[in-house]
Amino acid sequence: MGFNNILFEKDGKIALVSINRPKALNALNSETLKELDVVIDQIAEDDDIYAVVLTGAGEKAFVAGADITEMKDMTTVEGRKFGILGNKVFRKLELLDKPVIAAINGFALGGGCELSLACDIRLASEKAKFGQPEVGLGITPGFGGTQRLTRVVGLGMAKELIYTAKIIKADEALRIGLVNRVIESDKLLDEAKALANQIAANAPIAVKLCKAAINRGIQSDIDTALSYESEAFGECFSTEDQKEGMTAFTERRDKSFKNK
Ligand code: CAA
């Protein structure tokens, strides 16, 4: 399927997905959300993709939010439906059984900040700017901001950002733990790909099980969470890659994982 608003390419074991509506600063309209939904399915079904980099096309924006032009005249029912669509797609991304790195190259506002929050790891360029400007538009965050931002930066900081609608720069995003690293703009994509390749060099099933255990565990009490870990740990021993990883170690040779 060809996409109007998304670029999708494979580079070895990694996939690069770019939201591509630069004239609207990559704002997410319904069509883009639906295309993202399809891309996520394609990536999920492709056993040769081990990690994903998600970015925004153009110089200025990762994603400048949900599309305000589309939302402007929505009714209550339409607004709810749009919110449910965004939440469904972002949740699918969060649950994708491969790690996703957000390479945040510019504005990550509203739905853009929320999109990055549905990714596993956030890397920001020096030019990146973050915020949840929704209350300034008369709405609440609608694609997970009230929930995921809180889980990433904590209750007080999330409330300050959401209630004030203020926009923060990359260094402040780093200080509050919203991003893992700030990188020179022209090196961002290469560093994101390098990180994805570093992950892709490991046993993909083990990485997938780590993602599920971490994501499920963080929502659970510690005993339940540790049971997820034990389940994942045990499951690894049914894989060829566990045998390969440990045999390669004992034989002091390079390992060769097969995603099996
Ligand atoms: N929706 C639709 N169009 C958008 C957009 C958005 N979220 N953000 C930017 N654009 C469009 C602008 O309308 C403009 O289009 P035209 O050239 O056709 O007029 C184009 O992108 C370039 O934008 P600007 O001229 O405004 O660029 P700027 O450099 O002066 O400002 C900006 C950049 C500060 C990011 C500004 O565009 C802006 O504030 N955008 C809106 C950010 C925002 O409020 N996002 C949250 C949306 S609500 C949301 O996301 C809800 C949710 O949780 C699901």
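Values below: all heavy atoms of this structure, side chains included; hydrogens, waters and symmetry mates excluded. Whatever order the structure lists ligands and atoms in, that order sets their numbers, starting from 1. Keep in mind the model is a prediction, meaning the values are calculated, not measured.
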Donor-acceptor pairs under 3.5 angstrom involving side-chain atoms of residues 58-66: please list them, not counting sequence neighbours.
none

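- Protein residues with any heavy atom under 4.0 Å from ligand 1: Lys23, Ala24, Leu25, Ala27, Lys60, Ala64, Gly65, Ala66, Asp67, Ile68, Thr69, Met71, Phe107, Leu109, Gly110, Gly111, Glu114, Pro133, Glu134, Leu137, Ile139, Pro141, Gly142, Phe143.
- Looking at Glu94 and Asn215, their side chains never bring a donor and an acceptor atom within 3.5 Å of each other.
- Using a 4.0 Å cut-off between charged nitrogen and carboxylate oxygen, Lys81 and Glu78 do not count as a salt-bridge pair.
- Under the 4.0 Å criterion applied to side-chain N and carboxylate O atoms, Glu126 and Lys187 are not assigned as salt-bridge partners.
- For Phe90, the ring-ring contact (aromatic ring centres under 6.0 Å, His included) criterion is met by Phe143, not counting sequence neighbours.
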Name every donor-acceptor pair, under 3.5 Å, that has one atom in a side chain of residues 194-208 and the other anywhere in the protein, sequence neighbours excluded.
unit_1	atom_1	unit_2	atom_2	d
Asn197	ND2	Lys193	O	3.2
Asn202	ND2	Gln198	O	3.4

